[in-house]
Amino acid sequence: MSINETEWKEEQRRADRVTGLLKRHIRALSEELGLHRSDVVELRKDFWEEVTVNFSSPDDLGETSTSLRQQAQVLSERERHHLQSSKALKKYRKLVLSPYFGRIDFAEAPEGETERIYLGIGSLMEDDGTFLIYDWRAPISSLYYDGAPGPASFETPAGTVSGEMSLKRQFVIDDGKIEVMFDTGVTIGDELLQQVLSHSADDRMKNIVATIQKEQNAIIRNDRSRMLVVQGAAGSGKTSAALQRVAYLLYKYRDSLEADQVLLFSPNPLFNSYVSTVLPELGEDNMQQTTFQMYLEHRLGQEFQLEDVFTQTETLLNSPDGPETDARRDGIAYKSSVAFLDVIRRYASLLEHEGMLFKPLMFQGQAVVGKDEMERKFYSYDPAIKLANRIDLMTSWLLKQVALFSTRERSADWVEDQIELLDSSEYHRAYQMTRRKQRGKEETFDDYDTEREMLARYVVSQRLKPLRGWVKRGRFVDVKGLYCRLFQDRELLDSLNGGTALPESWDAVSRQTLTALADGELSYEDTTPFLYLKELSQGFHTNTLIRYVFVDEVQDYSPFQLEFMRRMFPRAKMTVLGDLNQAIYAQGEALGELAGLVSIYGEDHTEVVSLTQSYRSTFEIVEFTRLMIPGGDRIVPFNRRGEEPLVREVSDREELISRVEEDILDLHSRGYIYVAVICKTAEGSSRIYDLLKDKLPIQLVTKDTPNFQKGTLVLPAYLAKGVEFDAVIICDGSEENYDRESERKLFYTACTRAMHILHIFYLGKPSRFIPVKSLKPGIPAR
């Protein structure tokens, strides 16, 4: 709907008034912060001068404690006020450039007065408490995203509010000046989306609060489900919606939820960097971000050399077809399955009655407690006691055995030798430790025998300290031996397998597994099952502080891994986001349909949402890529027009490099800032990088790259997940390079990273995944 000049001027006057108020707030807060900063610095500097310190008597000690507490409270209050003012200043500085992006006129039923409601990334009130801007997360703001002019309602903590919406207006305001303004209906207007989506890519994801669609808003504001599953097509905005969801939850539950109680499992460190600015842009602290691999390294990295999912993928992509590769894939599929999860659970139950394996407690070549004695003690407990609780009892018993051994060992010859080697600092430390342990007893170093006894106690205690720590960490359970047994004893595995057929290549799977374990290595597909068995047999490590867990690219996780996460965070609600068409890692094939995740929390606590509209790429690129995959016809392209994807044959490697070089220079000259040269593997990326690095300024992206820079990036397809680029060059889209069915989704993922331009070069025959219609005469050429 067109807006006349009078209305435009009225809206601009309001924008000017709001901008003026924001500028006044900024000046006032800047001055206030300067004073606060000086106060805090002075308080810190003079902290001890303001405290009366006296330990002469109990009364003096109490007075000192009170003085310390009062001074600390004053300092804490000033620092808290300074922090609040800093956050407010950051918010106002963002708002002053673009105070709001939307307006709705709403009258509450039955005869409420029409209120003009303006929405921005933060709220702003006049001195009298009147709202000039409502935060986009406020309950009433949902009208803007979900409603249309006419009867409308929104939910509040007090219940449903109904009424009439008479206007829905959108703005683009830049530096206080209204650049774009129009009235719209049900959805956020295409004009605004066209403008946002036509921009260049960036090295950081941006917030989407001004363009949130109705289906995305349903994800953001969902606080009913214990498990929210989002199946979204490439470029559908599922990750953006998830990050806005975090901001919404932090706003709604601001009195009870902190940012560090929200955890995001992301696909790689590069992605962590890519999304790191979204929440700060919205005035919120960043949540915790990690990768599943980082957690595995934390738990198992000291015991084994762990393979990561990128190395696993690289190995499979570079391995020739044959029995060994087939066995590896079979092993990955089985170890990722619910069937193997059930095997581990049944195994743990069996160990409560028989078969537990232990490592002897050894000290200087002698057994403090032997394996057989540990087994007898373990199975002497009441059979009703659960495995983990029995391990706790064993830990206490073993520590007592170590204490008894310590007492006996004080008279050993080696102890005398160690006492002679003590230097003055160790001697003093032994004396201080003994004083603390005596707690007021009269025993001193007055005679030789007493001194020798105390020093012996110190020496033995220090030498046994690592063994006590080993016991406390449950390392006396032979988890490696228990896990190996599953691959050594076929009869045992068959008894635990619940009738599920093992892969035909099981003998090869077992051999590969045992060989890696013998070499101190843990394949990626073994890490979670191994850790799960470790947790079941040694006591589960849970985190009850985390309240919300987000898992991006969930299609690359196995059911086993997701069930493990549920056990890790028993109090958390989980939001998982993925696209089955981008399931490029081998264990993701075990997940099946995302709807299958219902079993983790149950049907009553799970909601599945589908996003089919693709916004990232132009209409032409989406039309091209959706033909690559089964069910691609369900993907709906957004009507932003652009160039047809280019598919071109090259005669040899030399021409390939020449064409890629020309293409990069041409794309940059046309204003495309972020250009990705995507190869199939890290090995291939490294080769292309070496051939181009002396000709062009480019960056090689590896699994350890923490962030990327502007310009041209060379990277493997599996590291491009979750990010987007102005232009994508597929370095070799040939039949030789992408022919296995398992590589279809990898090729699709690489192509869907392109926002504006997609170019594919190939040697020999084109990949069978390239749509046939793109290969006919008339393909655009450069």
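Only heavy atoms go into these numbers, but all of them, side chains included; no hydrogens, no water, no symmetry mates.
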Open item on the list: Using the salt bridge (charged side-chain N to carboxylate O under 4.0 Å, His left out) definition, which of the options R328, K335, K534 pairs with D526?
Closed with: K335
Open item on the list: Which residue is it: E535, E352, E563? I am looking for the one with a salt bridge (charged side-chain N to carboxylate O under 4.0 Å, His left out) to R345.
Closed with: E563
Taking the side chain as C-beta and beyond, is there a heavy-atom pair between [X] and [Y] under 4.5 Å?
X	Y	value
P360	V369	no
D507	R490	yes
L257	R547	yes
T313	I584	no
L264	T290	no
P503	Y334	yes

Distance from [X] atom [atom1] to [Y] atom [atom2], nearest 0.5 Å?
X	Y	atom1	atom2	answer
L502	S510	CG	OG	8.0 Å
K721	L746	NZ	CG	9.0 Å
L464	E409	CG	CD	7.5 Å
M394	W397	CE	CH2	5.5 Å
D260	I546	CG	CD1	7.0 Å
T395	R390	OG1	CZ	13.5 Å

- [ ] Provide the closest heavy-atom pair for S685 versus L715 in the form atom of the first, atom of the second, distance.
- [x] OG-C, 3.1 Å
Task: Exercise: identify the closest heavy-atom pair between S537 and L387 - done: CA-CD2, 3.7 Å
Open item on the list: Go through it in stages, so that I can follow the logic: the residues are F304 and F530, the test is ring-ring contact (aromatic ring centres under 6.0 Å, His included), and I'd like the CA-CA distance, side-chain angles, deciding distance and then a yes or no.
Closed with: CA-CA 11 Å; F304 295 97; F530 185 95; 5.0 Å; yes
Open item on the list: More than 12 heavy atoms of other residues, nucleotides or ligands under 6.0 Å from CD of E258: yes or no?
Closed with: no
Open item on the list: Just checking Q305: does its CD atom have more than 12 heavy atoms from other residues, nucleotides or ligands closer to it than 6.0 angstrom?
Closed with: no
Would you say the side chains of [X] and [Y] form a donor-acceptor pair under 3.5 Å?
X	Y	value
Q231	D579	yes
Q512	E324	yes
T606	R226	no
S266	D552	no
E314	Q312	no
D308	T311	yes

TODO: Anything under 30° is parallel, anything over 60° is perpendicular, the rest tilted; go ahead and classify F550 against Y548.
DONE: tilted
- [ ] Using the six-membered ring wherever Trp is involved, compare the ring planes of F564 and Y295 and label them parallel, tilted or perpendicular (cut-offs 30° and 60°).
- [x] tilted
- [ ] Answer yes or no: is there a donor N or O on one side and an acceptor on the other, between the side chain of S523 and the main chain of E525, under 3.5 Å?
- [x] no
Task: Polar side-chain atom of S558 near backbone of Q561 as donor-acceptor pair, under 3.5 Å - done: yes
Open item on the list: Does M356 form a side chain to side chain contact (heavy atoms under 4.5 Å, CB included) with L482? I'd like the steps, not just the answer.
Closed with: CA-CA 8 Å; M356 179 60 83; L482 291 172; 3.9 Å; yes
- [ ] Mind running side chain to side chain contact (heavy atoms under 4.5 Å, CB included) on I344 and L536 for me, showing each step along the way?
- [x] CA-CA 9 Å; I344 300 291; L536 290 174; 3.9 Å; yes
TODO: Measure from NZ or CZ of R463 to the centre of the six-membered ring of W414, then state whether that distance is under 6.0 Å and the direction lies within 45° of the axis.
DONE: yes
- [ ] Apply side chain to side chain contact (heavy atoms under 4.5 Å, CB included) to the pair Q582 and D556, showing each step before the final yes or no.
- [x] CA-CA 8 Å; Q582 298 181 66; D556 294 328; over 6 Å; no
Open item on the list: Restricting to ring pair (Phe, Tyr, Trp, His ring centres under 6.0 Å), what partner residues turn up for F476, sequence neighbours left out?
Closed with: none
TODO: Mind running side chain to side chain contact (heavy atoms under 4.5 Å, CB included) on K480 and L357 for me, showing each step along the way?
DONE: CA-CA 9 Å; K480 180 178 176 180; L357 297 178; over 6 Å; no
Please tabulate, for the side chains in residues 567-574, all donor-acceptor contacts under 3.5 angstrom to protein atoms that are two or more places apart in sequence or on a different chain.
residue, atom, partner, partner atom, Å
R567, NH1, Y532, OH, 3.4
R571, NH1, T544, O, 3.1
K573, NZ, D223, O, 3.1

Task: Between F265 and Y557, ring centroids under 6.0 Å - done: no
